[in-house]
Amino acid sequence: MPLPTELKTLEGHPLSPDRLANKVILFVNVASKCGLTPQYKGLVALHNEFAARGFEIVGVPCNQFGAQEPGTPEEIKTFTQSKYEVDFTLLEKQDVNGSKRSSLYQFLIGEGPDIAWNFGKFLVGRTGEVVARFEPQTAPDDPSLRAEIEKALS
């Protein structure tokens with residue numbers, strides 16, 4: 001199953017497949033009212049550090065864990081930009097688990113276990129395959145995450 005091409009941005013616009021083509025992408029299910037929400041700061045730093053080498057972060061708002069992403073797209077965008085200066089792509093709110101799991105998360109999870117909580121991370125290589133998965137508690141500056149990003153970029 002290839003990376004889905006019908007992705008939509010937080011604003012509801014189609015995300016051009018060209019935007020992600022030949023990139024190393026870290027997909028993260030995000031939430032604005034979670035104890036892990038401060039990871040946004042580290043994600044922004046990670047994006048800024050590696051973007052010039054073909055690295056993208058794509059945040060995927062999800063309200064399935066403790067209803068910690070209840071906001072509208074406008075509220076999510078305002079919060080992430082004003083509090084954390086998020087400049088990476090945010091997609092429309094999606095379900096990552098259960099019978100309504102989005103096609104993106106069907107692809108990312110495959111036969112693996114469900115997402116445990118907000119800020120689960122999937123690293124997708126330049127050719128569109130999932131190369132690593134990280135649990136929510138894995139911080140953006142974690143050496144194992146950084147090593148996998150470096151490996152995928154080289």
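Here, residue 1 is the first one in the sequence, and each next residue gets the next number. All heavy atoms count here, side chains included; hydrogens, waters and symmetry mates do not. No experiment lies behind these values; they were computed from the predicted model shown.
- Between Leu7 and Leu20, some side-chain heavy-atom pair lies under the 4.5 Å cut-off.
- At most 12 heavy atoms of other shown residues, nucleotides or ligands fall within 6.0 angstrom of atom CD in Glu85.
- To the nearest 0.5 angstrom, Arg53 atom CZ is 14.0 Å from Lys23 atom NZ.
- Taking the six-membered ring where tryptophan is involved, the planes of His47 and Phe55 are tilted, since the angle between them lies from 30° to 60°.
- Judged by distance alone, with hydrogens and angles left aside, the side-chain atoms of Glu69 form a donor-acceptor pair with the main-chain N or O of Ser32 at under 3.5 Å.
- Residues Leu46 and Leu145 come closest through the heavy atom pair CD2-CD2, 4.2 Å.
- In this structure, the side chains of Phe119 and Thr37 come closer than 4.5 Å at one or more pairs of heavy atoms.
- Gln94 approaches Glu92 most closely through the heavy-atom pair CG-O, 3.3 Å.
- To the nearest 0.5 angstrom, Ser103 atom OG is 9.0 Å from Leu3 atom CG.
- Ring orientation note: the planes of Trp117 and Phe65 are tilted relative to one another, at an angle of 30° to 60°.
- Note that NE2 of His13 is 13.0 Å distant from CG of Leu91, once rounded to the nearest 0.5 Å.
- Residues Ser102 and Phe107 have side chains not in contact (no heavy-atom distance under 4.5 Å, counting atoms from C-beta outward).
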- Are Ile57 and Val86 close enough, and set up right, to give a side-chain contact (heavy atoms from CB on, under 4.5 Å), and what steps lead you there? CA-CA 10 Å; Ile57 293 180; Val86 168; over 6 Å; no
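- Looking at heavy atoms from C-beta onward, Lys83 lies out of side-chain contact with Thr78 at the 4.5 angstrom threshold.
- Inter-residue side-chain proximity for Val131 and Arg126 is flagged as unmet; no heavy-atom pair is nearer than 4.5 Å.
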- Message: Could you walk me through whether Val30 and Thr80 satisfy the side-chain contact (heavy atoms from CB on, under 4.5 Å) test, starting with their C-alpha distance in whole Å, then the side-chain angles of each, then the deciding distance to 0.1 Å, before giving a yes or no?
- Response: CA-CA 10 Å; Val30 296; Thr80 59; over 6 Å; no
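- At distances below 3.5 Å, at least one donor-acceptor pair connects side-chain atoms of Arg101 with backbone N or O atoms of Val96.
- In this structure, CD1 in Ile109 is found 6.0 Å from CG in Asp114, a value given to the nearest 0.5 Å.
- With Leu26 as the fixed residue, the side-chain contact (heavy atoms from CB on, under 4.5 Å) test singles out one of Glu56, Glu148, Lys121: Lys121.
- Between Phe88 and Val58 the shortest side-chain heavy-atom distance does not fall below 4.5 Å.
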- Message: Before you tell me yes or no, could you show the steps for Leu108 and Val124 under side-chain contact (heavy atoms from CB on, under 4.5 Å), namely the whole-Å CA-CA distance, both residues' side-chain angles and the distance that decides it to 0.1 Å?
- Response: CA-CA 8 Å; Leu108 293 172; Val124 174; 3.7 Å; yes
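- The two residues Arg146 and Asp141 come nearest to each other via the heavy atoms CD-O, 3.6 Å.
- The minimum heavy-atom distance linking Pro61 with Ile76 is given by the pair CB-CD1, 4.1 Å.
- Judged by distance alone, the side chain of Gln39 and the main-chain N or O of Leu36 form no donor-acceptor pair under 3.5 Å.
- At a threshold of 4.5 Å between non-hydrogen side-chain atoms, the residues Phe122 and Asn29 do not count as touching.
- Judged by distance alone, the side chain of Gln68 and the main-chain N or O of Asn118 form no donor-acceptor pair under 3.5 Å.
- When every heavy atom of Pro70 is checked against every heavy atom of Ala67, the shortest pair comes out as CD-O, 3.6 Å.
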- Task: Go through the steps to decide whether Lys93 and Asn63 satisfy the test side-chain contact (heavy atoms from CB on, under 4.5 Å), and finish with yes or no.
- Result: CA-CA 8 Å; Lys93 202 182 291 189; Asn63 197 39; 4.1 Å; yes
